[in-house]
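Here is how names work: the chains are called A, B, and so on, in the same order as the sequence lines, proteins then strands, and each is numbered from 1. In this text the structure is predicted, and so the values were computed from the model without any measurement.
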Number of protein chains: 2
Amino acid sequence: MTAELNDRKEQILRSVVINYIKTAEPVGSRTIARSHPGGLSSATIRNEMADLEEMGYLIQPHTSAGRIPSQRGYRYYVDNLMDLNELSEDVEEKISTSLSAGKMREIEQIIMNSTRVLSSATNQTSLIMGPQFKKSAFHQLRILPLDEKRGLVVLITDTGFIKNKVIDFQHQLSQTELQQIVSYLNQKLYGLTIDQVTASLINELKRDLFRRLEILEQAFILLEESLKEEKQIRVFLGGTTNILNQPEFKDVDKIRRMLNLFEQEPLLFKILEDTSREDNIVVRIGSENEFEDIKECTLITGTYRIHDKTLGTVGVLGPTRMDYGKVISIMRRLVDQLNQSLSSS
Amino acid sequence: MTAELNDRKEQILRSVVINYIKTAEPVGSRTIARSHPGGLSSATIRNEMADLEEMGYLIQPHTSAGRIPSQRGYRYYVDNLMDLNELSEDVEEKISTSLSAGKMREIEQIIMNSTRVLSSATNQTSLIMGPQFKKSAFHQLRILPLDEKRGLVVLITDTGFIKNKVIDFQHQLSQTELQQIVSYLNQKLYGLTIDQVTASLINELKRDLFRRLEILEQAFILLEESLKEEKQIRVFLGGTTNILNQPEFKDVDKIRRMLNLFEQEPLLFKILEDTSREDNIVVRIGSENEFEDIKECTLITGTYRIHDKTLGTVGVLGPTRMDYGKVISIMRRLVDQLNQSLSSS
DNA sequence: TTTAGCACTCTATACTATAGAGTGCTAAAG
DNA sequence: CTTTAGCACTCTATAGTATAGAGTGCTAAA
């Protein structure tokens, strides 16, 4: 994408975007004239701004107001004009201390911390998609007898998931019998992703075990269920109230729609999943988003991974009037840290 | 608490409360005269209302407006005048189907379902305090070796909690060694509540085990930590966006304060814990609430239990203009169901 | 004790006037 | 050809004014 604006126009567009991001007010020609290094008059700026509007980079809310960037204007800014900020020491410290691999071994905890850090550093709403359970590979399966009639199934994946589920035995099982079953299952399932455990594979296993021990039917049904159930993935949210600080959400109705969206996890998941194919940081401005509910917002996402395997997506959601440079810098840093913390555990 | 109003005043107060709950508009004398069974004129009603205002049961927002109930008015209504509603079939079904003990064995799932049901049935925000981990008693402790250097500690309580934590071994442990440690710990800890596992007890155990096996130091530190960490209790929320539908929250600033509150779990916990001593359903109207942030709200709470041991608290939070009869009926039913579902598992 | 009647109060709504910000255009200057 | 000063014009936001309507409190009669 080559620049298609001359230098002066770029300077002016840049000025409008930066000013508008800061003040949330339409930017007038005088404001820009004052801050413009070249020392042009407001009339000149006005002409240029009129051009920029005609070209679709700026919008005039009404005849006697200043200009605000259009979606296209933001896009041009992000692609060609934006500077990345240095992270403030404050933010740098927050990220490195609260996400260090040190104490935390559970992946959920690391992710929850990340949402907190991300939303407080950006003043926006952050959303993070946890690792997809069904894309994780079996690592170990254990069954702990609790008493004569119940056992605890513990399932551990390569991505650090630990799932457990209480099951009822229909008949009493001896320690040895359990042992046999478990080691058989482990052998069969090792390395498969949850996705790959199809109904037919389960049936096959069931038949196999059935022949040996006729006791497990009930336990098996429950195990099967427990796998099915875990299809949903958690999306972690942080700073949902931050949108209330944005002047573009002073309308109660907009707030309601936004908060409603936040309560619908499956939708959030789809929104995040949609961008997770790409490797780098993705910026979706306004209607570039596929989902109706966020067509007035900007979503910036990045993916985090463990040993080069993509685990999930980190996102920041806010109005299109967002400090792109700042958010992107922060997200870069956070994703780096996340990758590092996860890989070292 | 004996009734201190004559019959007619009670009728009128009742009318005001019911009308105001329905319409959210100050209630005028004519409105009441129309619906009053005795067939009184508006002038008479006006006089009575003036009395009721002087006595502190009603409030006039401004001279030429109708009356609204004062906090005292609501209190009198709840104590003396309120009818409990029959549950609609719809709600009845929601409660009995989505909380039936059937499939769900994990307590967290039952509770999350409860918040959903409660908030959708009442159109208010629901909050439920999960069982307090630290008040739960040890049932079993297990350690599963994952590989040479790591193990999974699984802790099961009598209230159905299952906590797990990965720990690092500093040295390699044999199956038998682990077995010994675990059975020793189980013997020592069985039946104690998490609360009772004091630092000194842990130290004692540590010394004890240390003598036998010098290997466990690291593992112990981590176990200790994992117990400490679990001090926080989860408060589950449902229908937080429902407050946006209440006309008393049309002010963005109030919304912000409310949502902010919802994000502070420790505070929510305190708010709920505060009422959990009592056995029955507790109604806290307006400034009867101790906590500043909800002094304009009404909080209705009930406790749920398993085998006569109190597990946690269920709450509904909304404006003082709340359909008390309806919410209380729903909560009664829900708590009953909850007790039943939990006890049968 | 109740009620009809009426003057009075207050709010919400619509309408009007005004200041201020910013524009677009024209014509002169560089 | 580009830039700029100047000015008329447009639109919004704000304050001020008028009016209708709801509801009251009080008085005097039933």
Could you tell me if the side chain of [Y] sits less than 4.5 Å from the side chain of [X], heavy atoms only?
X: A:Ile21; Y: A:Met322; result: no
X: A:Asp251; Y: B:Val252; result: no
X: A:Ser35; Y: A:Ser15; result: yes
X: A:Tyr77; Y: A:Ile18; result: yes

With 3.5 Å as the limit, what N/O pairs link the protein to nucleotides 27-30 of chain D?
none

Less than 4.0 angstrom from a charged side-chain N to a carboxylate O is my criterion; do [X] and [Y] meet it?
X: A:Arg14; Y: A:Asp83; answer: yes
X: A:Arg284; Y: A:Glu290; answer: no
X: B:Glu288; Y: B:Lys295; answer: no
X: B:Glu54; Y: B:Lys9; answer: no

Q | Those residues of residues 18-33 of chain B lying under 4.0 Å from DNA chain D by at least one heavy atom | A |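 Per residue number, the list reads B:Gly28, B:Ser29.
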
Q | Nucleotide-level pairing of DNA chain D, given in dot-bracket where Watson-Crick and G-U pairs need both distances under 3.5 Å and | marks other strands | A | ||||||||||||||||||||||||||||||

Could you state the atom-to-atom distance from [atom1] of [X] to [atom2] of [N] in whole Å?
X: B:Arg46; N: C:dA7; atom1: CZ; atom2: C1'; answer: 12 Å
X: A:Glu54; N: C:dG24; atom1: CD; atom2: P; answer: 11 Å
X: B:Ile45; N: C:dA4; atom1: CD1; atom2: C1'; answer: 15 Å
X: A:Leu52; N: C:dG24; atom1: CG; atom2: C1'; answer: 16 Å
X: A:Met49; N: C:dC25; atom1: CE; atom2: C1'; answer: 17 Å
X: B:Asp51; N: C:dT1; atom1: CG; atom2: P; answer: 11 Å
X: B:Leu40; N: C:dA4; atom1: CG; atom2: P; answer: 11 Å
X: A:Leu58; N: C:dT23; atom1: CG; atom2: P; answer: 11 Å

Q. Do the rings of B:Tyr324 and B:Tyr74 sit parallel, tilted or perpendicular, given the 30° and 60° boundaries?
A.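 Aromatic pair B:Tyr324/B:Tyr74 classed tilted.
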
Short heteroatom pairs, N/O only, protein and nucleotides 11-14 of chain D, under 3.5 Å:
from	atom 1	to	atom 2	distance (Å)
D:dC11	OP1	A:Thr63	OG1	3.3
D:dC11	O2	A:Ser64	OG	2.9

Tell me, yes or no, whether the heavy-atom count around [X] atom [atom1], taken from other residues, nucleotides or ligands under 6.0 Å, exceeds 12.
X: A:Arg30; atom1: CZ; result: no
X: B:Gln71; atom1: CD; result: yes
X: B:Arg72; atom1: CZ; result: yes

Q. Do you see a donor-acceptor pair shorter than 3.5 Å between the side chains of A:Glu4 and A:Tyr76?
A.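 No.
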
(Q) Show me the pairs that pass salt bridge (Lys or Arg N to Asp or Glu O under 4.0 Å) and involve residues 84-95 of chain A, at least two apart or across chains. (A)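 Every salt bridge (Lys or Arg N to Asp or Glu O under 4.0 Å) pair that includes a residue of residues 84-95 of chain A, provided the two are not neighbours, is A:Glu92-A:Arg333.
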
Q) Hey, does the side chain of A:Arg67 come within less than 4.0 Å of C:dG22's phosphate (OP1/OP2), counting only N and O? A)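 No, A:Arg67 has no side-chain N/O under 4.0 Å of OP1/OP2 on C:dG22.
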
Check nucleotides 28-30 of chain C against the protein and report each pair of N or O atoms closer than 3.5 Å, with its distance, or say if there are none.
none

Q.
Under the side-chain contact (heavy atoms from CB on, under 4.5 Å) test against A:Leu237, which residue among A:Leu317, A:Thr115, A:Leu127 passes?
A.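 Only one of A:Leu317, A:Thr115, A:Leu127 forms a side-chain contact (heavy atoms from CB on, under 4.5 Å) with A:Leu237, namely A:Leu127.
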
Q.
Pair B:Asp274, B:Lys270 - check salt bridge (Lys or Arg N to Asp or Glu O under 4.0 Å), show working.
A. CA-CA 6 Å; B:Asp274 197 42; B:Lys270 273 191 202 149; over 6 Å; no

